[in-house]
Amino acid sequence: MARRKKIYEGKAKILYEGPEPGTIVQYFKDDATAFNAEKRDVIDGKGVLNNRLSEFFMVGLNSIGVPTHFLKRLNMREQLVRQCEIIPLEVIVRNFAAGTMAKRLGIEEGTALPRPIVEYCYKDDKLGDPLVTEEHIAAFGWASQQDMDDILSLALRVNDFMSGLMYGVGIKLVDFKIEIGRVFDGDYQRLIVADEISPDSCRLWDIETGRKLDKDVFRRDLGNLADAYTEVARRLGVMPQNATPMEKPKLIN
């Protein structure tokens, strides 16, 4: 890893130049952050879990014709992805009121929404990723109207896939966020799902108990984050039923 050229380091991932032109190696860190990185910690094994879960979701989306940047998993913490131009938006799909939406609109958390609601935030950590409208997006040229139509279609297709998948293992998909990238095949542009899909970017509640199985466990001090993510991986069959959260190796003197 030291011989690779680092392209970017974010709160949860590091991006390196890939082995071939047009590819990137995406490395998943154990860092956990919340409240725009005001709260942070290192959770042993979190990067391994997110790598495996994001691979699982991306492969599933590719198999049903929803294009993603995912090419293959390289090892326990890294995956090879297609390089793309990231549209500077977080695309949020909400099925139930939670988090900032519940606070903003005064809706009780957990209330089912009449239909999936898609929101957009401008990607800028210094500004706190502010909520923006399609008018802002058009005015500042972040995406065209055709792009927005395609983004909406992709977001709702991801929601259909993820909601059904989670419901099948007793988990409620409350909301999630994705990022969208542009790729070019000659003169032809298309949009693909990029970044990651993991419990870091979704709200996942146990259907029977309401137990949170996502980053809210860390945000709200509700228990062990690695245990929550491991439970999601177990239910989806990504990890063996008797698996325990990954820990860092201990040095022996």
I87 with Y122, same ILVMFWY side-chain cluster at under 4.5 Å: yes
Close side-chain approach of M76 and F28, heavy atoms under 4.5 Å: no
Test: D175 and R203 ion pair at under 4.0 Å: yes
Sidechain N-carboxylate O distance under 4.0 Å for D150, R190: no
Between E196 and S198, a side-chain donor and acceptor under 3.5 Å: yes
K215/D41 salt bridge by N-O under 4.0 Å criterion: no
Verify same cluster id: V158, M148 (apolar side-chain graph, 4.5 Å): yes
Connected via hydrophobic side-chain network under 4.5 Å: F56 and V81: no
Steps toward side-chain contact (heavy atoms from CB on, under 4.5 Å) verdict (E179, L89): CA-CA 7 Å; E179 294 184 17; L89 299 171; over 6 Å; no
Cation-pi check, K5 onto Y16 ring (under 6.0 Å, within 45° of axis): no
Under-4.0 Å salt bridge between D216 and R219: yes
More than 12 heavy atoms from other groups under 6.0 Å of OH on Y188: no
Within-4.5 Å side-chain heavy-atom neighbours: I180 and I192: no
Nearest non-hydrogen partners of A97 and I107, listed with the distance: CB-CG2, 3.6 Å
Close side-chain approach of L236 and M166, heavy atoms under 4.5 Å: yes
Ionic contact status for K103 with E109, cut-off 4.0 Å: no
Common cluster, F161/F70, ILVMFWY with side-chain heavy-atom separation under 4.5 Å: yes
D147 side chain reached by Q189 side chain, heavy atoms, under 4.5 Å: yes
ILVMFWY cluster, L156 and M58 together (side-chain gap under 4.5 Å): yes
L80 vs T23, side-chain contact (heavy atoms from CB on, under 4.5 Å): CA-CA, chis, key distance, verdict: CA-CA 7 Å; L80 187 69; T23 65; 3.8 Å; yes
Test item: side-chain donor near acceptor, N50 and S54, under 3.5 Å: no
Residues, nucleotides or ligands: over 12 heavy atoms within 6.0 Å of Y167 OH: no
For I197 against F57, the heavy-atom pair lying closest together: O-CD1, 3.2 Å
Closest non-hydrogen atom pair, I64 against R157: O-NH2, 3.4 Å
Side-chain heavy-atom pair I171, V232 within 4.5 angstrom cut-off: yes
pair I92-M101: side-chain heavy atoms closer than 4.5 Å: no
Lys NZ or Arg CZ of K172 over W205 ring: under 6.0 Å, within 45°: no
Evaluation steps, side-chain contact (heavy atoms from CB on, under 4.5 Å), between N95 and L113: CA-CA 6 Å; N95 298 306; L113 300 174; 5.8 Å; no
Reference residue E9; test side chain to side chain donor-acceptor pair (under 3.5 Å); the match among K6, K11, K13: K6
Q145 versus D149, side-chain donor and acceptor atoms under 3.5 Å: yes
Residue pair I151 / Y120, side-chain heavy-atom distance below 4.5 Å: yes
Shortest non-hydrogen separation from D129 to E90 and the atoms involved: OD2-OE2, 3.5 Å
Intermediate values then yes/no, side-chain contact (heavy atoms from CB on, under 4.5 Å), R40 and T33: CA-CA 4 Å; R40 57 175 63 238; T33 63; 4.0 Å; yes
Closest contact, heavy atoms only, F176 versus C202: CB-SG, 3.7 Å
Note, R52 side chain near R73 side chain (heavy atom, < 4.5 Å): yes
Whether over 12 other heavy atoms sit under 6.0 Å from R220 CZ: yes
Test item: side-chain donor near acceptor, Y229 and D200, under 3.5 Å: yes
